[in-house]
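All remarks here apply to the structure that follows.
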Number of protein chains: 2
Amino acid sequence: MSANSRLTIAAHALAWIGLYQRQGHEVATSEQIATSANTNPVVIRRLLGELRRAGLVESRRGVGAGWSLARELESITLLDVYEAVEPGPLFAMHRTTPDQGCVVGRGIQPTMQGIYEGIEETLRHELARVTLENVLRDVLAAPR
Amino acid sequence: MSANSRLTIAAHALAWIGLYQRQGHEVATSEQIATSANTNPVVIRRLLGELRRAGLVESRRGVGAGWSLARELESITLLDVYEAVEPGPLFAMHRTTPDQGCVVGRGIQPTMQGIYEGIEETLRHELARVTLENVLRDVLAAPR
DNA sequence: CGCAGTCGTAACAGTGAATGTTGCAACAGC
DNA sequence: GCTGTTGCAACATTCACTGTTACGACTGCG
């Protein structure tokens with residue numbers, strides 16, 4: 001399928017902010033996070049903007065501006081992040097409506113929709129089991 | 001995320017061939033399936049070609065040519081179809097390597113990789129629970 | 001008050017995958 | 001040979017994500 005890396009980058013940013021704050025800093029800038037993630041600051045600002053709308057982070061403007069966590073890492077799960085940055089469903093239906101004069105064409109969409117909903121529910125459950133605290137701890141446990 | 005419809009179309013095609021064969025026909029043409037799915041026959045041939053490589057269907061050429069199931073619908077699961085038509089992983093890593101001089105940049109990829117692998121394993125398990133026979137039965141159970 | 005640093009956001013180019021389309025060679029039964 | 005269908009290459013189209021530039025908005029500080 002080759003999906004997008006939005007969830008990965010968002011988790012990276014949150015872990016980075018969390019660690020930075022534990023080192024005594026108040027706010028992190030999109031510039032710093034972009035350097036760590038090796039991407040453009042605007043990409044980070046866009047992603048963090050979505051996380052802010054979801055109530056996961058806060059931003060401050062003006063001099064000494066930047067980003068800070070709105071909730072503890074322990075209370076943020078990958079599901080929170082996933083829902084904040086991934087809008088659509090995992091699997092898509094036909095791009096055009098199937099032939100409604102055909103039995104299969106008529107019934108296939110409700111059928112697949114039902115199956116997909118169940119699968120996405122399972123996916124959400126799995127994502128909810130991992131907190132950003134888990135992620136950061138695992139990151140810091142890496143060799144060296 | 002807005003994924004692709006390959007799995008949906010592939011399931012549609014298999015269900016269509018299965019039903020058609022139960023109605024007494026030997027083979028189904030990509031033209032017929034494309035009409036039901038409201039798409040181009042070449043799109044169907046490409047998808048069915050991947051399913052053939054996975055051993056799920058067979059094709060016959062020449063006059064009276066077309067496609068037939070290589071296995072019973074009962075023995076084909078959505079996981080078989082998924083693996084045949086979806087190449088890549090569900091979630092992607094960073095497009096460019098994160099800053100290896102940063103603790104988070106160094107540890108984030110192995111961490112996320114591990115999490116994603118567990119989730120994909122769960123996804124596979126869910127897909128394996130649904131057979132194409134289940135799909136066809138549900139399609140035919142639709143009202144009208 | 002003006003300066004400086006950072007966010008907020010629009011606008012646009014670049015990239016890549018899936019999809020749609022056309023065309024034609026290969027094949028096989030009649 | 002004729003016909004119908006697959007197999008496959010080549011290309012256009014679409015669409016989302018990513019990357020980049022630009023600039024206004026905001027705010028603390030001197």
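Throughout, a chain's letter reflects where its sequence line sits, starting with A, and its residues are numbered from 1.
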Between the protein and nucleotides 20-22 of chain C, which nitrogen or oxygen pairs come in under 3.5 angstrom?
unit_1 : atom_1 : unit_2 : atom_2 : d
C:dG20 : OP2    : B:T39  : OG1    : 2.6
C:dG20 : N7     : B:R46  : NH2    : 2.9
C:dG20 : O6     : B:R46  : NH1    : 3.4

Give me, pair by pair, the N or O atoms of the protein and of nucleotides 28-30 of chain D that are less than 3.5 Å apart, along with how far apart they are.
none

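Residue B:S59 places no side-chain N or O under 4.0 Å from the OP1 or OP2 atom of D:dT5. Phosphate contact (OP1/OP2 of C:dC7, side-chain N/O of A:S30, threshold under 4.0 Å): present. The side chain of A:S5 places an N or O atom within less than 4.0 Å of a non-bridging phosphate oxygen (OP1 or OP2) of D:dT18.
Under the ring pair (Phe, Tyr, Trp, His ring centres under 6.0 Å) criterion, the residue pairs touching residues 23-58 of chain A are A:Y20-A:H25, with sequence neighbours excluded. Applying the ring pair (Phe, Tyr, Trp, His ring centres under 6.0 Å) definition to pairs two or more places apart or across chains, none involves residues 59-80 of chain B. Applying the ring pair (Phe, Tyr, Trp, His ring centres under 6.0 Å) rule to pairs touching residues 94-123 of chain B yields A:H12-B:H94, B:F91-B:Y116, sequence neighbours excluded.
Distance, B:F91 CZ to D:dC17 C1': 16 Å, rounded to whole Å. One interatomic measurement links the two molecules: CD1 of A:I44 to P of C:dC7, which rounds to 11 Å at whole-angstrom precision. Taking atom CG on A:L47 and atom P on D:dG19, their separation rounds to 10 Å, with Å as the unit. The distance from atom CG of B:L7 to atom P of C:dA17 is 19 Å, rounded to the nearest whole Å. Spacing between atom NE2 of B:H94 and atom C1' of D:dC17 amounts to 15 Å, rounded to whole angstrom units. As a whole-Å value, the separation of A:L48 CG from C:dC7 P is 9 Å. Remark: P of D:dC15 and CG of A:N4 are 17 Å apart, rounded to the nearest angstrom. What separates CZ of A:R6 from P of D:dG19 is a distance of 11 Å, to the nearest Å.
Checking each of A:V85, A:I17, A:I9 against A:L48 for a side-chain contact (heavy atoms from CB on, under 4.5 Å) leaves exactly one that passes, namely A:I17.
Take B:E133 and apply the salt bridge (charged side-chain N to carboxylate O under 4.0 Å, His left out) test, not counting sequence neighbours, and it matches B:R22, B:R137. Scored by the salt bridge (charged side-chain N to carboxylate O under 4.0 Å, His left out) test, A:R46 finds no partners at all (sequence neighbours excluded). Scanning for side chain to side chain contact (heavy atoms under 4.5 Å, CB included) contacts around A:R60 gives A:E26, A:V27, with sequence neighbours left out. Not counting sequence neighbours, the partners of B:N134 by the side chain to side chain donor-acceptor pair (under 3.5 Å) test are B:T131.
Look at A:R53 and A:E50 and you find no salt bridge, because none of the NZ, NE, NH1 or NH2 atoms lies under 4.0 Å from a carboxylate O.
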